[in-house]
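As the structure is a computational prediction, the values presented were derived from the model and not from experiment. Reckoned from all heavy atoms, side chains included, excluding hydrogens, waters and symmetry mates. Residue numbers begin at 1 in each chain, while the letters A, B, ... track the order of the sequences.
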Amino acid sequence: MEEREEILRMENVGKTFDGSVVALEGMSLVVRSGDFISLLGPSGCGKSTALRLISDLIHPTSGRITWSGSHDVGDLGVVFQEATLMPWATVAENVFLPFRLRGKRFGDVADEVQDALDMVGLGSFASAYPRELSGGMKMRVSIARAMVTRPRLILMDEPFAALDEITRFKLNNDLLRLRDRIGCTVIFVTHSVFESVFLSDRIVVMAARPGRVVRELNVEEPYPRAEDFRTSSEYAGYTREASGALHEAMGEVA
Amino acid sequence: MSFALPAEMPDTGKVDADELKRRQRARFERVGKWLLPILMLALTLYAWDRIVVLNDIPHYILPGPGLVWETLIKDWGTLSGSLLVTVQITLMALAVAVIGGVGLAILFTQSRIVEMSFFPYAVILQVTPVVAIAPLIFIYVENRMVGLLLCAWIVAFFPVLSNTTLGLNSADHNLRDLFRIYGATRWQRLRHLQLPSALPYFLGGLRIAGGLALIGAVVAEFVAGTGGRASGLAFRIQEAGYQLNIPRMFAGLVLIAATGVVIYAALSFLSYMLLRKWHESALKREG
Ligand SMILES: Nc1ncnc2c1ncn2[C@@H]1O[C@H](COP(=O)(O)OP(=O)(O)OP(=O)(O)O)[C@@H](O)[C@H]1O
Ligand SMILES: [Mg+2]
């Protein structure tokens, strides 16, 4: 496999809250361009903490995080568990936000905004308000907003956890299609073994108390992945492996 | 009122008992909201009139509603001038309360130092009854109009300040993180996140402030006493009281109450118009 450009490197990163709560300990991770990395683990194992550290909202207690090359605020796109849209703004204005905060005028990037909306299948909803959309559609807007600036790295914190299974499957498929189209690099937090296997090429299995990485697992299934990957024996194999690692991680605690 | 099915709810033939009940309740809500208060008013006026007539109560003790109405029309020349003065003071006080309240709230959220220094005094100003402060104000402030304005402002500005402060700090925390991740400046955060988040709270405070500004203006004028030509309704009521002109007192009272209702309705309408596209409070009314 050819060596892809390195984007970000976490070295032995730890975070302790209030002087005693060890949310994350000794996490090391190298993110390369085109990676789709899942952070998989039980509640409280520091997945969100890892994302917050990467997005510079909090700072590591130990270790360090380094971006390769020049790094500025436009390098990151984020999707939270809730769609986190501005209810007073239209769909297009919401997607425009990352540009707006970088001082761009709407007229100059209207094409990019429309393009992002088209890509998530909401091209005709540009002037709708968030309250007119279903949960799944809101999440699509959130994804469009995260990638409209074509950031080097997109962070997603359990983006589909609040959605029903059918919508979640559909969005999983669409997310992979998007990945294939724009070649984005993603770190994706999830509780779901199935989701992590279907989406990612690397699964980082984590354990709680203290939050730490227990296993890294590669899913050697090339992209683009079709829906029938879900029913293949390889898929079953990977989910078994990931579940095993996850149970091991949780068993250590119990 | 017709009890036929409204056009927006076509009878599809698939109406069960629950749906019927729901429609019935909706219809009742729609009609009752207006009809019942009006009916109530009519009944009260009728009873009032009967009591006065049947008991032969002299008009210098309790005038009937008819006489109050006549007085309102007869004295409209004087009363309307005073109404204008009261409305003017109320609206000016409300405007200053909005500017001062919102301005101070923005200052508070921009600087903890300012907030910690001034907030206790804003509270003190609020909890001190205006009737207690007003006499002092009229000693130190020469201009009567300015004094009245100051009193009305003291009463009205606090709800704007406290609600707007609350609103500015109530922005969704994930959105706040998002703004930080995208490197938003202080100004961008205020303009695109905090001010829109605060709008519903501000409008709630404004509605309260509208009524309070009127109360402040009226109370202050009672305290200020005689005022010659540029007198508001409060002074007219006081004056009519000295002259035992009870019908005119009632007429003045009616005008003040009506002014309060109009202000409240206008601010509610403003609030509805500004929020109807996105905010829950406005959505309920549509449905
Ligand atoms: N700001 C904070 N202050 C104190 N403790 C915190 C803070 N943020 C997180 N923690 C603690 O750190 C640990 C890891 O939290 P984190 O949110 O990263 O877990 P998570 O893996 O994202 O869990 P979940 O799957 O429930 O979202 C938890 O025990 C949590 O209580
Ligand atoms: Mg989390």
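Using a 4.5 Å cut-off between non-hydrogen atoms, the part of residues 166-205 of chain B that approaches chain A consists of B:Asp172, B:Asn174, B:Leu175, B:Asp177, B:Leu178, B:Phe179, B:Arg180, B:Ile181, B:Tyr182, B:Gly183, B:Ala184, B:Gln188, B:His192, B:Leu193, B:Pro196, B:Ser197.
For B:Lys277 against A:Arg131, the heavy-atom pair with the smallest separation is O-NE, 3.0 Å.
The distance from atom CH2 of A:Trp88 to atom CH2 of B:Trp278, rounded to the nearest 0.5 Å, is 6.0 Å.
When each of A:Thr149, A:Asp56, A:Leu97 is scored by its heavy-atom pairs under 4.5 Å with chain B, the top score falls to A:Leu97.
Within 6.0 Å of the OH atom in A:Tyr129, the count of heavy atoms belonging to other residues, nucleotides or ligands exceeds 12. No more than 12 heavy-atom neighbours from other residues, nucleotides or ligands sit within 6.0 angstrom of CZ on B:Phe28. Counted within 6.0 Å of CG on B:Leu20, heavy atoms from surrounding residues, nucleotides or ligands total more than 12; the atom is thus considered enclosed. Counting non-hydrogen atoms of neighbouring residues, nucleotides and ligands closer than 6.0 angstrom, the CE atom of B:Met116 exceeds 12 such neighbours.
The contact between A:Leu85 and chain B is made entirely by backbone atoms, counting heavy-atom distances below 4.5 Å. Looking at A:Arg52, the atoms closer than 4.5 Å to chain B (heavy atoms on both sides) all sit in the side chain, from C-beta outward. There is no contact between A:Glu132 and chain B, counting heavy-atom distances below 4.5 Å.
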